[in-house]
Number of protein chains: 2
Amino acid sequence: MVPIKPETQECCITGENLALPDVAWAADLAKLTWALAHPARVRIVRLLLNRKSCICGEIVAEMPLAQSTVSQHLKILKDTGLVQGEIDGPRVCYCINKAALAQLKKLIAGLKGN
Amino acid sequence: MVPIKPETQECCITGENLALPDVAWAADLAKLTWALAHPARVRIVRLLLNRKSCICGEIVAEMPLAQSTVSQHLKILKDTGLVQGEIDGPRVCYCINKAALAQLKKLIAGLKGN
DNA sequence: ATTGCTTATCGTCGATATACGATATACGTC
DNA sequence: GACGTATATCGTATATCGACGATAAGCAAT
């Protein structure tokens with residue numbers, strides 16, 4: 001089974017790039033990628049990038065989905081931090097959270113051999 | 001594969017940056033991100049990047065999951081093209097498909113305003 | 001307060017993901 | 001051939017996703 005040091009950390013004592021923090025690291029990246037793991041959410045993000053900001057209704061209008069469905073996708077994007085929404089009177093104005101997007105880019109770009 | 005003109009495009013007649021190709025584009029990115037949208041799969045990819053290649057059994061040993069579950073995750077990674085596996089005697093040797101990873105990086109890096 | 005508009009949430013449904021054990025398949029060795 | 005090892009697949013259970021319509025909650029204007 002495990003050739004090296006069974007009971008401490010199985011995970012890459014040799015590599016040590018892949019040590020314990022890796023689990024949290026993987027969870028972070030998985031969470032961010034999961035937010036983009038649906039075509040509708042990718043399109044929303046892209047839409048928000050092309051316009052500086054976007055009223056929720058505009059997003060709904062662009063998508064072939066029911067309003068409630070779009071709202072759910074927006075919630076997912078908000079929960080993962082990729083998108084921010086601020087209330088503007090009766091509407092909600094969504095925009096990209098550049099920091100979160102940068103984080104995603106950084107993690108993806110960091111996917112390479114040691 | 002979206003053909004050229006699907007007669008009723010709600011999508012961005014105004015924006016036109018987000019016109020039809022965007023749908024396919026979004027699907028591509030969503031598929032790739034979806035492959036990474038699970039911590040176990042992120043860890044597998046990372047593992048394969050740190051070693052040049054990896055026998056399936058090694059991967060199983062590193063993960064707190066049953067062999068069949070790991071095999072399923074590997075299948076997902078293989079189906080999306082991120083990982084390749086070649087049979088080597090009684091074992092299977094997995095490695096990263098650098099082209100697919102590069103494609104993912106490119107798509108993610110391309111996520112920015114116009 | 002009532003109406004109208006915008007967005008979020010609820011309830012529900014079918015489809016899919018995730019996990020596991022059990023079994024099947026493929027290979028090398030005896 | 002029979003056996004053990006390595007991996008994939010099957011079958012199944014549970015959880016979550018993704019979609020929708022219906023409804024609630026918020027605000028602006030009448």
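Labels below follow one simple rule: chain letters A, B, ... track the order of the sequence lines, proteins then strands, and each chain is numbered from 1.
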Scoring nucleotides 18-24 of chain C by protein non-hydrogen atoms under 4.0 Å (B base, S sugar-phosphate only, - none) yields SBBBB--

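- Across the protein-nucleic acid pair, I87(B) atom CD1 and dA6(D) atom C1' stand 11 Å apart, rounded to whole Å.
- OP1 and OP2 of dT7(D) both lie 4.0 Å or more from every side-chain N or O belonging to K75(B).
- L49(A) is listed as a side-chain neighbour of V45(A), based on a closest heavy-atom distance under 4.5 Å.
- The CZ-P distance, from R91(B) to dA8(D), rounds to 13 Å in whole Å.
- As rounded to whole Å, 11 Å separates atom P of dT9(D) from atom CG of L74(B).
- I59(A) has its side chain within reach of L48(A): a pair of non-hydrogen atoms, C-beta onward, lies under 4.5 Å apart.
- Closest-nucleotide positions on DNA chain D for P90(A) and C56(B) were compared, and the one nearer the 5' end corresponds to C56(B).
- Whole-Å rounding puts the I55(A) CD1 to dA28(D) P distance at 14 Å.
- In this structure, the CG atom of L77(A) is 12 Å from the P atom of dA8(C), given to the nearest Å.
- Rounded to a whole Å, the CG atom of L36(A) is 17 Å from the C1' atom of dG18(D).
- In this structure, the CD atom of E58(B) is 15 Å from the C1' atom of dT5(D), given to the nearest Å.
- Looking at K105(A), its side chain does come within 3.5 Å of a backbone N or O of L111(B) through a donor-acceptor pair.
- A salt bridge between E58(A) and R91(A) is absent, with no side-chain N of the basic residue lying under 4.0 Å from a carboxylate O of the acidic one.
- Among all heavy-atom pairs drawn from L77(B) and A35(B), the shortest one is CD2-O, 3.8 Å.
- Look at Y94(B) and you'll find a side-chain N or O under 4.0 angstrom from OP1 or OP2 of dA8(D).
- Residues L104(A) and L29(A) have side chains in contact (heavy-atom distance under 4.5 Å, counting atoms from C-beta outward).
- Atom CG in D88(B) sits roughly 13 Å away from atom P in dA6(D) (whole-Å rounding).
- When side chains are defined from C-beta on, V92(B) does not count as touching E86(B), because their heavy atoms never get closer than 4.5 Å.
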